[in-house]
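Take a look at the structure below.
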Amino acid sequence: MKKLFPTFIDAKARTLDTIIVSGGNIGVQIELEPESLERVVKARYVDLSK
């Protein structure tokens, strides 16, 4: 992201081995561990299923 917007990820994603997210260009994806994604985008894991 060009700007560091607040980012929230469903807490269930934390149990996954890896997460695939958009790389910012068409056809580009990035696969990384949930902890790495959390650190890079300063995300918070929350329960979004309510």
Neighbour count above 12 (heavy atom, 6.0 Å) for Glu33 CD: no
Asp47, CG: over 12 other non-hydrogen atoms inside 6.0 angstrom: yes
Please determine whether residues [X] and [Y] belong to a single hydrophobic cluster, defined as Ile, Leu, Val, Met, Phe, Trp and Tyr linked transitively by side-chain heavy-atom distances below 4.5 Å.
X: Val21; Y: Phe8; result: no
X: Tyr45; Y: Leu32; result: yes
X: Leu16; Y: Val46; result: no

Would you give the length of the straight line joining atom [atom1] of [X] to atom [atom2] of [Y], rounded to the nearest 0.5 angstrom?
X: Ile19; Y: Glu35; atom1: CD1; atom2: CD; value: 8.5 Å
X: Thr18; Y: Glu31; atom1: OG1; atom2: CD; value: 3.5 Å
X: Ile9; Y: Leu48; atom1: CD1; atom2: CG; value: 9.0 Å

Minimum heavy-atom distance between Ala13 and Pro34, given as atom pair plus value: O-CG, 3.5 Å
Side-chain heavy-atom pair Leu37, Thr7 within 4.5 angstrom cut-off: no
